[in-house]
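A quick write-up on the structure given underneath.
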Amino acid sequence: MEQNKIENTQKSREKAADTGTGIEKIPASELNRIKNVIAIMSGKGGVGKSTITGLMAVSLQRKGYKVGILDADITGPSIPRMFGVKKRPENIEFGLIPPESSTGIRIMSLNLLLDNEDDPVIWRGPLIASAVKQFWTDVIWGDLDFLLIDLPPGTGDAPLTVMQSLPVDALVIVSSPQDLVMMVVKKAIKMSRIMGVPVLGLVENYSYLVCPKCGEKIRIFGESRGKEAAEQVQIPYLGSLPIDYKLAELCDRGEIEMYDSDEIKRIEDWVKDLERLNKK
């Protein structure tokens, strides 16, 4: 099954080219050697997509991989705050050198270029698309095993730019239990197929809350629908994650890399698919 996923990557791209959606990818800097580009997409805001991106990066880094995060959520970036990164990218003759987190994860986000992290970015679509492209062409990522791209919600300019212009190997789709979210997530999955980008799988976030006193699972947003939705659209179901106040506190303090729980071990299982992709 895992080998089929890898083979489907190339087949999807060939199909995209045949249907006219294949667009020549923008080359990265000559100083970059990036083996795999994985985009994390939700289609709907508020499902914890950036948190999943951060946890995936932490898991891959703990396995010894060189990892970077391209924060493509231009108008609502949160990755630098989660990792406690405040240093500006270093501007040299050949481009921008992204700052690193405490464990060596390279991060590039528009928030790192603002005078104040809470300054709004009031840009129209073409400017947002241009910024995303520049994070690919003008940033010196160097040697990376994985570059994770945190996409903004929806199927607008930034996700379209990433899928059209960057050599994305696969997508991870993030959802939460509500029916409304599932409807929008299915739009994102259909977009990925139109663009010829394969989906590694769907993860359902915020599936439940574990009572700290009795251990009971409380399903705040209703019963889980992730597996059912994944089956309907014929993609793998990666699993579910709970609401965890400890994780929220660490993200607020910029210490997501210190998170350790049973949930991070589940994510370690998910990234095994990325490891197989890395060996293609």
Side-chain angles (χ1 to χ4, degrees), residues 6 9-10 12-14 16-17 21-41 50 53-54 56-57 60-61 63-74 77 79-80 83 85 87-101 104-113 123 125-152 156-172 192 195-200 271 273-280:
I6 295 171
T9 302
Q10 182 60 33
S12 296
R13 286 186 178 153
E14 291 173 356
T21 57
I23 295 177
E24 185 176 356
K25 305 300 182 180
I26 299 174
S29 166
E30 294 180 356
L31 301 175
N32 294 342
R33 287 163 297 279
I34 302 171
K35 293 182 180 179
N36 302 282
V37 179
I38 309 297
I40 293 80
M41 187 178 188
S50 296
T53 302
M56 288 177 61
L60 286 165
Q61 191 277 335
K63 286 176 172 284
Y65 292 107
K66 295 179 180 178
V67 185
I69 301 177
L70 190 163
D71 190 354
D73 196 351
I74 301 298
I79 292 294
F83 284 86
V85 173
K87 181 181 178 182
R88 280 178 171 265
E90 184 180 354
N91 192 353
I92 64 173
E93 179 183 356
F94 303 103
L96 296 173
I97 299 178
E100 294 186 356
S101 69
I105 297 172
R106 299 166 197 173
I107 293 174
M108 185 63 201
S109 172
L110 189 65
N111 248 26
L112 298 174
L113 301 174
W123 289 358
L127 280 177
I128 293 174
S130 177
V132 171
K133 291 178 182 178
Q134 285 185 281
F135 284 175
W136 173 254
T137 59
D138 298 352
V139 174
I140 304 173
W141 294 101
D143 291 316
L144 289 181
D145 294 303
F146 293 96
L147 178 65
L148 305 184
I149 303 179
D150 183 19
L151 291 174
D157 291 284
L160 181 61
T161 297
V162 168
M163 291 190 206
Q164 282 187 330
S165 303
L166 276 59
V168 179
D169 292 290
L171 288 171
V172 172
S192 73
M195 302 305 300
V197 181
V199 177
L200 281 180
V271 302
D273 282 335
L274 302 187
E275 291 184 289
R276 295 184 184 101
L277 191 65
N278 191 49
K279 296 175 182 176
K280 68 182 185 296

Just to verify, what does D138 make a salt bridge (charged side-chain N to carboxylate O under 4.0 Å, His left out) with, not counting sequence neighbours?
none
So which heavy atom on [X] is nearest to which on [Y], and how close?
X	Y	result
A57	F83	CB-CZ, 4.5 Å
V67	Q61	CG2-N, 3.9 Å
L151	A158	CD2-O, 4.4 Å

Is the closest side-chain heavy-atom distance between [X] and [Y] below 4.5 Å?
X	Y	result
F135	I149	no
L171	M163	yes
N111	D71	no
W136	N32	no
V168	K25	no
M108	L113	yes
S192	M41	no

Let me confirm one number: the [atom1]-[atom2] distance from [X] to [Y], rounded to the nearest 0.5 Å.
X	Y	atom1	atom2	value
L110	I79	CG	CD1	14.0 Å
I69	I38	CD1	CD1	13.0 Å
R106	L144	CZ	CG	5.0 Å
I107	L70	CD1	CG	11.0 Å
L200	I40	CG	CD1	9.5 Å
I128	D157	CD1	CG	6.5 Å

Listed pairs under 3.5 Å, donor-acceptor, residues 91-101 side chains, sequence neighbours left out:
from : atom 1 : to   : atom 2 : distance (Å)
S101 : OG     : T103 : N      : 3.4
S101 : OG     : I105 : N      : 3.0
S101 : OG     : E257 : OE2    : 2.6

Do K66 and D145 sit within salt-bridge range, that is, some charged N less than 4.0 Å from a carboxylate O?
no
Is D169 reaching over with its side chain to a backbone N or O of V37, donor-acceptor style, under 3.5 angstrom?
yes
